[in-house]
*Asks:* 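Pasting a structure here, questions to come.
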Amino acid sequence: MSSIDEYYKNRKLTYHKTWNVTDTQFPEGAVHWILYILEDETHAPYHYGVEATEAEAENEIRWVIGSYLKNNNLL
């Protein structure tokens, strides 16, 4: 298992959630996402966004985790 997968699946390291957008200003089927990096106490504790699909939201969450790990020399 990669470090990104470990962080993605371990609720002691990160918490993430996705849900459908109900606002009509976004395209139908758009998905909100939020990611909390629980071990990061010195920086903003969450990242968020809107993606067109659930799969794109999950990929974005994994990308943010990878960026966090790379920036902190953990990857």
*Asks:* Got a donor-acceptor contact below 3.5 angstrom from the N72 side chain to the L74 backbone?
*Replies:*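 Flag not set: sc N72 to bb L74 has no pair under 3.5 Å.
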*Asks:* Before you tell me yes or no, could you show the steps for H47 and W33 under side chain to side chain contact (heavy atoms under 4.5 Å, CB included), namely the whole-Å CA-CA distance, both residues' side-chain angles and the distance that decides it to 0.1 Å?
*Replies:* CA-CA 8 Å; H47 306 271; W33 63 270; 4.1 Å; yes
*Asks:* If you link ILVMFWY side chains whenever their heavy atoms are less than 4.5 Å apart, which other residues fall into the same cluster as F26? By chain and number, please.
*Replies:*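 Under the 4.5 Å side-chain rule, F26 groups with V21, V50.
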*Asks:* If I compare all heavy atoms of E60 with all of E51, which pair ends up nearest, and what's the gap?
*Replies:*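 That would be CG-OE2, 3.7 Å.
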*Asks:* In terms of hydrophobic clusters joined by side-chain contacts under 4.5 Å, are I61 and V31 together?
*Replies:*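 Looking at the clustering, V31 is in a separate group from I61.
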*Asks:* How would you list, by chain and number, every residue that makes a side-chain hydrogen bond (donor to acceptor under 3.5 Å, both in side chains) with Y8, sequence neighbours excluded?
*Replies:*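 Listed in chain order: nothing, the list is empty.
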*Asks:* Could you list the residues that satisfy side-chain hydrogen bond (donor to acceptor under 3.5 Å, both in side chains) with E54, not counting sequence neighbours?
*Replies:*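 Once residues adjacent in sequence are excluded, the partners of E54 under the side-chain hydrogen bond (donor to acceptor under 3.5 Å, both in side chains) criterion are T18.
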*Asks:* Report yes if some heavy atom in the side chain of I37 is under 4.5 Å from a heavy atom in the side chain of L13; otherwise report no.
*Replies:*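 No, their side chains stay 4.5 Å or more apart.
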*Asks:* Ignoring hydrogens, what is the shortest heavy-atom contact between R11 and L38? Give both atom names and the distance.
*Replies:*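 Taking R11 first and L38 second, the nearest heavy atoms are O-CD1, 3.1 Å.
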*Asks:* Could you state the interatomic distance from OG (S3) to NZ (K70), rounded to the nearest 0.5 Å?
*Replies:*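 Here the rounded value is 12.0 Å.
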*Asks:* Are the side chain of N10 and the backbone of E6 linked by a donor-acceptor contact shorter than 3.5 Å?
*Replies:*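 Looks like no, no N/O pair under 3.5 Å.
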*Asks:* With rounding to the nearest 0.5 angstrom, report the OG1 to CD distance, T53 to E58.
*Replies:*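 Rounded to the nearest 0.5 Å, the OG1-CD separation comes to 9.0 Å.
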*Asks:* May I ask you to check whether over 12 heavy atoms, not counting those of W19, lie within 6.0 Å of atom CH2?
*Replies:*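 Enclosed.
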